[in-house]
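This report concerns only the one structure given below.
Lettering of chains follows the sequences in order, A, B, ..., and the numbering in each one begins at 1.
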2 protein chains.
Amino acid sequence: MINYRVVFNIMGRLLIIESIFMLLSALLPVIYNEPDLSPILISTGITFCFGIALTLLIKKSKTQFGKREGYIIVSLVWVVFSFFGALPFYLSHYIPSFTDAFFETISGFTTTGASILNDIEALPHGMLFWRSIIQWMGGMGIIVLSIAILPMLGIGGMQLFIAEVPGLSPDKLHPKIKETAKRLWGIYVLFTIAEIIFLLLGGMNLFDSICHSFTTMATGGFSTKQASIAYYNSSYIHYVIVVFMFIAGTNFTLSYFALKLNFKKIWKNEEFKFYFYVIAVYTLLITIDLYIHHSQTLKIAFRDSLFQVVSIVTTTGFVTADYLSWLPFLGIAIFTLMFFGGSSGSTGGGIKMVRILLVLKNSLYELKRLVHPNAVIPIQLNKKTVSQEIILNVLAFIVFYILLFAIGVIIMSAVGLNLDSSMGAVAATLGNIGPGIGSVGPMFNFAHVHPIGKWVLSFFMIVGRLELFTVLILFSPSFWKK
Amino acid sequence: MINYRVVFNIMGRLLIIESIFMLLSALLPVIYNEPDLSPILISTGITFCFGIALTLLIKKSKTQFGKREGYIIVSLVWVVFSFFGALPFYLSHYIPSFTDAFFETISGFTTTGASILNDIEALPHGMLFWRSIIQWMGGMGIIVLSIAILPMLGIGGMQLFIAEVPGLSPDKLHPKIKETAKRLWGIYVLFTIAEIIFLLLGGMNLFDSICHSFTTMATGGFSTKQASIAYYNSSYIHYVIVVFMFIAGTNFTLSYFALKLNFKKIWKNEEFKFYFYVIAVYTLLITIDLYIHHSQTLKIAFRDSLFQVVSIVTTTGFVTADYLSWLPFLGIAIFTLMFFGGSSGSTGGGIKMVRILLVLKNSLYELKRLVHPNAVIPIQLNKKTVSQEIILNVLAFIVFYILLFAIGVIIMSAVGLNLDSSMGAVAATLGNIGPGIGSVGPMFNFAHVHPIGKWVLSFFMIVGRLELFTVLILFSPSFWKK
């Protein structure tokens with residue numbers, strides 16, 4: 001029997017936390033004397049009351065609280081948070097359709113960054129701040145989830161490290177989840193503050209610096225400007241954001257070692273090296289091509305290609321250049337990047353570097369195995385053997401990813417998108433990236449997508465964010481049995 | 001050390017066989033009194049002389065003849081055959097560019113069916129016959145390869161059956177390869193003759209019946225008509241071809257059991273069931289949609305959707321309806337079918353049903369494993385446990401397939417195709433299908449593709465045809481070591 005009392009009780013506590021963040025956004029209309037104070041306060045009130053009601057009315061029974069409840073809470077919290085989180089946009093009429101408000105909010109919480117807004121600058125500061133802090137909360141949630149909670153449920157890239165590389169396990173950071181979470185949040189907050197300072201030094205105003213830092217560290221990609229980072233003409237700002245996107249796409253336990261100046265441990269980490277090389281190779285190729293075929297200066301070519309490569313590979317989704325205006329094959333190269341994703345244990349989404357690395361290794365090893373059929377050639381990661389069970393788990397992940405992608409593309413084309421746009425929309429939401437290709441490319445948004453399509457894409461955002469299994473397992477009959 | 005003497009000697013013998021088939025085509029200009037007799041005879045002479053020279057001059061040494069030589073011969077024979085096989089087209093000037101002639105020929109031998117011809121009916125009977133018999137030879141080659149030779153090299157879907165399901169192993173058909181090959185060829189010839197008779201009964205003339213039967217049983221898809229099977233207005237002919245495409249996409253050892261009226265064995269075979277259900281589900285969905293949205297009669301809707309589904313899934317590539325003129329999402333549904341492929345041990349290409357089935361099973365089992373982490377849940381096929389090594393092999397196959405696909409799409413877009421067409425061209429050649437989507441869709445051909453693109457696609461046709469590993473292993477350093 002699933003213990004729903006626990007589920008509801010915990011959901012109530014989490015809603016109270018959400019209402020606190022919402023209340024924070026209410027400061028902005030006060031400071032800037034803008035008209036969106038009351039919708040924010042009303043939303044805060046509603047969220048808080050629901051939270052309190054659930055916590056007080058449904059007492060946490062002391063019996064069983066196991067994995068199943070974990071799966072349900074983790075999946076449900078994203079939906080419930082987005083439902084209440086959509087209220088400020090909806091009640092203030094800045095996003096008049098609830099479908100759109102929900103889409104924008106879940107795109108925030110899942111750190112996707114896909115938007116339905118046609119004129120972001122028209123929003124008051126309170127709305128913009130709430131939009132940014134949603135992503136920051138989502139990033140916080142994901143760090144705890146991916147490093148502390150999902151591995152307990154047997155899901156997620158970090159499980160690889162826990163099973164195989166105890167040296168990098170969060171348990172070594174600190175044995176208790178609460179402590180691990182606090183420490184990782186400490187790093188997250190630290191980096192966010194650092195980025196705010198660096199952006200201020202580059203001449204960005206305080207409000208925009210805070211908002212952009214929130215959405216960078218979460219690899220979210222919401223900007224306070226319709227033109228995204230292209231709005232800023234300063235190379236300094238572009239490079240600051242590149243650095244912090246790169247950090248946000250790195251395993252946070254590695255950042256912990258970096259802060260302790262233990263760089264050797266980082267360079268020994270194969271996932272990090274792979275992440276680095278993927279960025280280096282793509283950037284190099286695109287830079288050369290932009291330089292040759294688009295007659296840009298080498299400086300601008302390098303800056304733009306590095307920015308877009310890091311932005312897409314970390315699944316942030318900030319934009320400084322329209323990659324769809326580049327030669328078609330560069331746009332397609334960028335599109336292939338959408339299937340890599342950040343590192344495990346980072347705020348990045350997508351398939352994740354470690355999974356790609358493992359299946360590539362398996363493929364190359366298979367060629368060796370065919371040449372030497374009697375030799376036992378196990379797959380190694382960070383000099384430890386990876387069990388076949390883990391490879392099979394990764395295989396299952398990738399197959400589900402491809403299946404969801406294919407089903408998604410068929411659905412999106414059935415609701416009216418063409419092939420490019422369908423593929424772009426699904427890749428960008430399932431991978432929690434933001435902009436895609438076609439009519440949902442970097443210069444456009446998701447406003448024109450059919451409402452059914454928006455709900456389907458919202459589903460994909462959650463599924464992608466929660467490493468597929470967390471949600472898919474809820475559709476498995478064996479989960480509900482007994 | 002690789003024994004190149006053996007490689008060359010065997011290649012010589014195979015060239016002599018090719019020249020015999022070529023000579024057969026020389027009968028057509030004689031019968032129809034057409035002008036392409038001399039180019040065919042010259043080509044035959046060249047091929048025969050090279051064959052004899054290699055056989056006589058390079059004596060087969062009696063030492064080692066192992067797996068490595070096997071890999072090299074199997075990969076090389078497709079290239080060499082296509083080189084000589086292109087001569088009739090090239091020397092007769094019916095295909096004035098050698099690139100095009102080579103593309104058309106390798107498309108034939110690999111049973112792909114992608115064409116560069118803009119006016120097929122303009123070709124004399126000798127050329128058309130050679131074009132069809134190339135595919136028939138390719139199909140013959142593939143049956144022996146996939147059932148008898150590749151498993152010895154540790155490659156291919158059939159290896160699954162050999163390792164896991166001895167009941168269906170070719171060894172049970174007959175222990176010796178030569179005998180197995182003869183028996184399977186017997187079945188192949190039998191079905192070809194049967195189809196010729198059925199097509200004659202439907203009013204198709206003898207020449208076209210022979211050519212179409214050759215290219216059906218090979219799942220090749222070359223037609224003697226520019227409009228492909230759409231040329232024939234007879235439902236009877238459409239359905240006859242559907243039946244034989246279906247047979248050609250079925251494991252030939254199963255057909256052997258069918259001929260012995262052992263139907264129980266067939267229905268117990270999970271790959272066959274999966275193959276059947278995939279066709280049934282896709283046909284049903286597309287029929288309903290064609291009926292509703294394209295206001296066709298149910299009869300025509302069913303006929304057209306069944307024909308296109310079977311044609312694509314078996315990787316034949318015959319056309320009776322332009323699926324790109326259907327609702328976009330139906331075209332995309334057809335496109336997803338291009339990644340299934342026929343059954344193992346059939347003449348069909350693509351990923352193959354059994355591989356798709358195994359990775360899907362693994363994904364569903366993974367959900368069960370997550371719910372019951374301590375239970376051992378092995379993957380089963382036909383009630384036998386499939387070893388993890390085999391699943392890892394399948395994983396490697398699919399990863400290489402996706403990698404090649406992605407690289408191919410980038411290359412094709414770099415030589416000037418748009419995204420749709422690039423994806424279509426690569427999927428259609430790597431999967432040995434024929435028509436793709438976009439500008440290489442069912443109503444168009446590959447004539448407009450840049451020559452570099454044609455050579456790359458030719459490479460993909462061989463790689464796809466030889467189950468990837470056979471060719472890729474030649475690029476692995478460990479293959480050439482020692």
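- Contact check for Leu395(B) versus Ile398(A): no side-chain heavy atoms found under the 4.5 Å cut-off.
- Neither the backbone nor the side chain of Ile411(B) comes within contact range of chain A, judged by heavy atoms closer than 4.5 Å.
- Once rounded to the nearest 0.5 Å, the distance linking CG of Leu370(A) with CG of Asn393(B) reads 6.5 Å.
- Each of Asp289(B), Leu364(B), Val399(B) has some count of heavy-atom pairs under 4.5 Å with chain A, and the biggest count is that of Val399(B).
- Put simply, the side chain of Leu419(A) reaches to within 4.5 Å of the side chain of Ile437(B), judged on heavy atoms.
- Among all heavy-atom pairs drawn from Ser478(B) and Val371(A), the shortest one is O-CG1, 3.6 Å.
- Ranked by non-hydrogen atom pairs under 4.5 Å with chain B, the options Ile402(A), Ile410(A), Leu330(A) are led by Ile410(A).
- Scanning both residues, Ala396(A) and Asn362(B), for their nearest heavy atoms gives N-ND2, 3.6 Å.
- For the set Arg369(A), Met423(A), Lys361(A), the count of heavy-atom pairs under 4.5 angstrom toward chain B peaks at Met423(A).
- With a 6.0 Å radius and a threshold of 12 heavy atoms from other residues, nucleotides or ligands, Tyr291(A) has its OH atom at or below the threshold.
- Here CZ of Phe475(B) is found 11.0 Å from CG of Leu367(A). Values are rounded to the nearest 0.5 Å.
- Contacts of Ile379(A) with chain B are absent, with no heavy-atom separation under 4.5 Å from either backbone or side chain.
- Each of Thr336(A), Leu392(A), Asp420(A) has some count of heavy-atom pairs under 4.5 Å with chain B, and the biggest count is that of Leu392(A).
- Contacts of Met412(A) with chain B are absent, with no heavy-atom separation under 4.5 Å from either backbone or side chain.
- Most heavy-atom pairs under 4.5 Å with chain A, from the set Ser422(B), Ser413(B), Ser363(B): that is Ser363(B).
- Atom NE2 in His372(B) sits 10.5 Å away from atom CZ in Phe479(A) (nearest 0.5 Å).
- With chain B as the partner, the residue from Gly438(A), Gly416(A), Ser476(A), Ala414(A) showing the most heavy-atom pairs under 4.5 Å is Ala414(A).
- Contacts between Ile356(A) and chain B at a heavy-atom distance below 4.5 Å are absent for every atom of the residue.
- Considering only residues two or more places apart in sequence or on other chains, Phe460(B) meets the ring pair (Phe, Tyr, Trp, His ring centres under 6.0 Å) condition with none of them.
- Residues Phe335(A) and Val409(B) fail the side-chain proximity criterion, which asks for heavy atoms closer than 4.5 Å.
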